[in-house]
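Take a look at the structure set out below.
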Amino acid sequence: MAELAIIGGTGLTTLKNLEIRKREVMRTPYGEPSGPLMHGELCGKDVVFIPRHGHGHTIPPHMVNYRANIWALRETGAHSVIAVAAVGGIREDMVPGRLAFPDQIIDYTWSRKNTYFEQGLNEVVHIDFTEPYSERVRRLLIGAARELGLEAAENGTYAATQGPRLETAAEIDRLERDGCSMVGMTGMPEAALARELGLCYATCAVIANRAAGRGDGAISMADIEANLAVGMEQVRRLLETAIPKLESAC
Ligand code: HPA
C-alpha cells in the first residue's frame, strides 16, 4: 500500500527512479483521473505517482479532473501528497530553475469543481484551511533542500490562476499587491480537495520563469522548458533525499 503520493506537474510526467510494479486504471465517483496510477518503490518506500496533465501532457490546468485525481490517490491508502508544480516567480528571490515551498495560497480560479461536499450531505461542511499546506510535509521538503544545499525559497504565497494563458503584467502587479510570491495554475482546488479528504499535502514548486512584467520581455515556452529541465533534476534529487525520511503518521 502506498504511503506517499506524488503528483507530477509540467516537466515531470515520469519519475525516472520509480521502480514501477503496477499501472492501475481507476474510475472514481467523480470520473477518470488524469491517467493510470503508477505504483512502485522509490528509495525503499511504496509510492504512487500520477502526472497531473496526463502521461502525454495533454490536459490543460483548467481541464484537470482534480477531484478524480485526489480521490484516486486517497483510495490507494496514501496519507501524504507531494505536489510538484511549475510556477512563475513574482518575489525577487523566485529565480527560474529554483525550488519553492509555499506556505499560503490565494485562489483566483473560477468554475472548477472545487469540493467533494456538495450532494447527499447530512450537514454543510466547511473545512479549516487556515494553513493550507501540511507543515510536516513542508518541513520534510525544506529539510531535504537544506541537506542538498539547494537555494530554495522556504515560504511564499502561491497565487492560483485560471489559465491556460499566462497573466498580464498588470495582473501580476495586482497579485504582488495581494502578497503573492509565485503564480501557477494548478494549486487550487487541488490543495483544498486534499484537505477535504484528510491528506497531508504540500507543494514543491519549480520556478519556470519570472512572472509577466518581472523579466525581460515576453515569456517564451523555450525558456520555460529549459528552466524546468534544471528544476526537475533538483526535484528528483530532493525526492530521493526526502522520501526515506517520510514518517507514516500525518
Ligand atoms: N503563470 C502562471 N502559471 C505558470 C507560470 C506563470 O508565469 N509559469 C509556470 N506556470
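Counting starts at 1 for both ligands and their atoms, in listed order. Positions are given from 1 along the sequence. Note that the coordinates shown come from a computational prediction; the quantities given were computed from them, not determined experimentally. Basis for what follows: all heavy atoms, side chains included, without hydrogens, waters or symmetry-related copies.
Protein heavy atom in closest approach to atom 5 (C) of ligand 1: Gly88 N, 3.4 Å. Residue, atom and distance of the protein heavy atom nearest to atom 10 (N) of ligand 1 are Ala86 O, 3.4 Å. Here the heavy atom of the protein found nearest to atom 4 (C) of ligand 1 is Val183 O, 3.6 Å. With respect to atom 6 (C) of ligand 1, the closest heavy atom belonging to the protein is Leu166 CD2, 3.4 Å. Nearest non-hydrogen protein atom to atom 7 (O) of ligand 1 is Asn209 ND2, 3.0 Å.
Interatomic distance, Glu190 CD to Ile70 CD1, rounded to the nearest 0.5 Å: 5.0 Å.
Taking the six-membered ring where tryptophan is involved, the planes of Tyr30 and Tyr116 are perpendicular, since the angle between them exceeds 60° and thus also 30°.
Between the side chains of Glu75 and Thr28, no donor N or O sits under 3.5 Å from an acceptor N or O. A donor and an acceptor atom, one from each side chain of Gln162 and Arg112, are located under 3.5 Å apart. A donor-acceptor pair shorter than 3.5 Å can be found between the side chains of Asn155 and Arg91.
Annotation for ligand 1: atoms under 4.0 Å from non-hydrogen atoms of Gly184 are 2 (C), 3 (N). Ligand 1 places these atoms under 4.0 Å from at least one heavy atom of Glu167: 1 (N), 2 (C), 6 (C), 7 (O).
Other residues, nucleotides and ligands contribute over 12 non-hydrogen atoms within 6.0 Å of the NZ atom of Lys245.
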